[in-house]
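Notes to accompany the following structure.
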Amino acid sequence: MRPLFAALAVLVLAACSPAEKPAPPPETPEPAPVFGGVDLAQPVRALGTEPFWSVELTGTEMVYTTPEPPEQRAPQPRPLVQGTTATWEAETADGTGFRVILVTTECSDGMSDRTYPLTALVKVGDRELTGCAAASSAIRAAGESGPTAGAAQPAG
């Protein structure tokens, strides 16, 4: 009887021991900030003139284009936001460095009366470019002229 009692005691003690801690709930990613009036969770376009170029931040990729090929693509990480700047840094498939910095300073493209809510600094490999940026939807909605949505209207 003693062996049966000993086995039963072991089972009871095992049942009374503290259960494993449940796994913590998965962390909810922090929402992307609204930066200079631009929701960084939505596609953002940076662009410049002389030479003409653009960078589309799609949410999953950073895509650099110019009139001359080749287009450059890199995965889009979450931005590092510090004060008035948001920075994305990645590498293209061939290892070319790709950095986009947006600054909450109003910007004019220099060729039209259009104003943008953000200034863009872009580096792709050894090429450094300066231009303007806004929500992609605001650039499309503004058409060929006029300020983009979210940019301050000129005094008149």
Side-chain angles (χ1 to χ4, degrees), residues 17-156:
S17 64
E20 286 185 33
K21 289 183 181 179
E27 286 188 32
T28 328
E30 218 176 279
V34 173
F35 193 71
V38 176
D39 182 355
L40 297 183
Q42 300 300 314
V44 175
R45 181 176 298 155
L47 48 89
T49 58
E50 298 182 30
F52 288 102
W53 60 271
S54 73
V55 170
E56 187 80 21
L57 300 172
T58 69
T60 57
E61 281 188 304
M62 303 189 309
V63 183
Y64 167 73
T65 57
T66 65
E68 299 89 36
E71 174 180 272
Q72 298 282 332
R73 292 176 173 267
Q76 181 182 328
R78 289 194 50 81
L80 171 62
V81 178
Q82 295 179 308
T84 60
T85 63
T87 305
W88 293 260
E89 284 195 69
E91 287 187 351
T92 65
D94 68 0
T96 301
F98 194 157
R99 179 175 58 219
V100 176
I101 300 172
L102 300 182
V103 183
T104 57
T105 302
E106 189 174 278
C107 181
S108 171
D109 65 16
M111 293 191 70
S112 69
D113 291 333
R114 182 181 273 187
T115 55
Y116 300 80
L118 303 171
T119 297
L121 308 166
V122 173
K123 186 170 184 184
V124 180
D126 294 333
R127 187 169 225 178
E128 294 184 7
L129 304 160
T130 302
C132 303
S136 297
S137 60
I139 292 173
R140 283 191 302 275
E144 293 298 316
S145 62
T148 58
Q153 302 296 318

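FYI, the numbering just counts along the sequence from 1. Hydrogens, waters and symmetry mates are skipped; everything else that's a heavy atom, side chains included, is used. Being a predicted model, the structure only gives us computed values, none of them experimental.
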Run the side chain to side chain donor-acceptor pair (under 3.5 Å) test against [X] and tell me which residues pass, sequence neighbours left out.
X      : result
Thr65  : Ser54
Thr119 : none
Thr58  : Thr60

Scan for disulfide (SG to SG under 2.5 Å) pairs involving [range], sequence neighbours excluded, and state none if there are none.
range           : value
residues 34-79  : none
residues 60-93  : none
residues 83-128 : Cys107-Cys132
residues 51-103 : none

Quick note, side chain to side chain donor-acceptor pair (under 3.5 Å) partners involving residues 122-135, not counting sequence neighbours, are Tyr64-Arg127

For residues 42-50, which side-chain N or O atoms pair as donor and acceptor with protein atoms under 3.5 Å away, sequence neighbours left out?
residue : atom : partner : partner atom : Å
Arg45   : NE   : Glu56   : OE1          : 2.7
Arg45   : NH2  : Glu56   : OE1          : 3.1
Thr49   : OG1  : Asp109  : O            : 3.4

All heavy atoms of Phe35 vs all of Val81, minimum pair found to be CE1-CG1, 4.0 Å

Of all heavy-atom pairs linking Ala133 and Leu102, the shortest is CB-CD2, 3.6 Å

Hits for salt bridge (Lys or Arg N to Asp or Glu O under 4.0 Å) against Glu71, two or more places apart or cross-chain, chain-then-number order -> Arg73

Rounded to the nearest 0.5 angstrom, the OG1-CG distance for Thr66 and Leu129 is 9.5 Å

Listed pairs under 3.5 Å, donor-acceptor, residues 88-97 side chains, sequence neighbours left out:
residue : atom : partner : partner atom : Å
Trp88   : NE1  : Pro77   : O            : 3.4
Thr92   : OG1  : Asp94   : OD1          : 2.4
Thr92   : OG1  : Thr96   : N            : 3.1
Asp94   : OD1  : Thr96   : N            : 3.2
Asp94   : OD1  : Thr96   : OG1          : 2.7

For Gln82, the side-chain contact (heavy atoms from CB on, under 4.5 Å) test, sequence neighbours excluded, returns Leu80, Thr85

* Should Val34 and Leu40 count as side-chain neighbours, where that means a heavy-atom distance under 4.5 Å? -> no

